[in-house]
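The block underneath contains the structure these notes are about, expressed in structure tokens.
Because only heavy atoms are used, hydrogens play no part in the values below, and waters and symmetry mates are left out as well, while side chains stay in. Position 1 is the first residue of the sequence; numbering continues from there. Here the structure is a predicted model, which means the values were calculated and not measured.
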Amino acid sequence: MKGKSILTVPLLSPEWKKLAYVFFPLPVILVIGMAVVQMEISPDETAQIIYGFWAIGFGLLNLSREKVEDEMIKSFRLQAFQTGSYWLIWGVAALMLINYLRFDRITSEIFTAYLVLFLLNAYIYAAFQYQKYMATKD
């Protein structure tokens, strides 16, 4: 029953990390290429392309297994997802405050699913890497 649970998230093999790293420079190259061929693209669309690719890259990194997946790493992974969600809440609140102070409104074109997914996955990745660093530092 445990193996068939919808709550079980299968982790990707460590080789997926190589593909994940491709998603970081690729949107920049894509946007530069679009500018060279003079496609009509707004700065907001450019940002969303970059946020989307980076969200996918960090998502793949977060879902890739470590070479050794022991109980400590599983605990770190769970804590990283909890910490990332916590940081996302405060990060979005800070963006809303900055947007309000700068433009006298809370919402903006920048608040999209791409931005939120990028921030969430980046925070999770940072929290996971920090925990691994602190564990090896001791």
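The distance between the ring centers of F58 and Y123 does not fall below 6.0 angstrom.
Formation of a donor-acceptor pair under 3.5 Å by the W54 side chain with backbone atoms of F24 is found in this model. Using a distance-only test at 3.5 Å, with no hydrogens or angles considered, no donor-acceptor pair links the side chain of Q129 to the main chain of A126. At distances below 3.5 Å, at least one donor-acceptor pair connects side-chain atoms of N121 with backbone N or O atoms of L117. For the pair R102 (side chain) and L97 (backbone), a donor-acceptor distance under 3.5 Å is absent.
In the hydrophobic clustering of ILVMFWY residues, with side-chain heavy atoms under 4.5 Å counting as a link, V92 and I98 come out apart. Linking Ile, Leu, Val, Met, Phe, Trp and Tyr residues whenever their side-chain heavy atoms come within less than 4.5 Å leaves L12 and I6 in two separate clusters. Placement of L88 and L61 within a single hydrophobic cluster is found when ILVMFWY residues are connected by side-chain heavy-atom separations under 4.5 Å, directly or transitively. Under the 4.5 Å side-chain heavy-atom criterion for Ile, Leu, Val, Met, Phe, Trp and Tyr, L19 and L63 are members of the same hydrophobic cluster. In the hydrophobic clustering of this structure, I124 groups with I56; members are Ile, Leu, Val, Met, Phe, Trp, Tyr whose side-chain heavy atoms approach within less than 4.5 Å, directly or through other members.
Here the closest heavy-atom approach between residue G52 and residue Y114 is recorded as CA-CD2, 3.8 Å. When all heavy atoms of A20 and G57 are compared, the pair lying nearest together is CB-O, 3.4 Å.
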Step-by-step side chain to side chain contact (heavy atoms under 4.5 Å, CB included) determination, T112 to L115: CA-CA 5 Å; T112 64; L115 172 66; 4.0 Å; yes
Using the side chain to side chain contact (heavy atoms under 4.5 Å, CB included) rule, take L11 and S64 through it: C-alpha gap first, then chi angles, then the decisive distance, then the call. CA-CA 5 Å; L11 295 176; S64 296; over 6 Å; no
I'd like to know whether K132 forms a side chain to side chain contact (heavy atoms under 4.5 Å, CB included) with T136, so could you lay out the CA-CA distance, the side-chain angles of the two residues, the decisive distance to 0.1 Å, and finally the verdict. CA-CA 6 Å; K132 287 190 332 185; T136 58; 5.7 Å; no
Test ring-ring contact (aromatic ring centres under 6.0 Å, His included) applied to Y51 and F118, step by step: CA-CA 6 Å; Y51 290 148; F118 162 66; 5.6 Å; yes
Start with the C-alpha distance between K74 and R77, add both sets of side-chain angles, then the distance that settles side chain to side chain contact (heavy atoms under 4.5 Å, CB included), and finish with yes or no. CA-CA 5 Å; K74 288 180 183 180; R77 191 177 304 283; 5.6 Å; no
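Side-chain contact between L119 and L95 is present, with heavy atoms from C-beta onward closer than 4.5 Å.
If you take CD1 on I73 and CZ on R65, they are separated by 13.0 Å, rounding to the nearest 0.5 Å. Expressed to the nearest 0.5 Å, how far NZ of K18 lies from OG of S13 amounts to 9.0 Å. Between the CD atom of Q79 and the CE atom of M72 there is a distance of 13.5 Å, given to the nearest 0.5 Å. Atoms CG and CD1, on D44 and I49 in that order, are 11.0 Å from each other to the nearest 0.5 Å. Interatomic distance, CD of Q131 versus CG of L78, reported as 9.0 Å (0.5 Å rounding). The distance from the CD atom of Q48 to the CD atom of E45 is 9.0 Å, given to the nearest 0.5 Å.
Partners of K17 by side chain to side chain donor-acceptor pair (under 3.5 Å), not counting sequence neighbours, listed by chain and number: E66.
A side-chain contact (heavy atoms from CB on, under 4.5 Å) with T83 is found for one member of W87, F81, Y86 and no other, namely W87.
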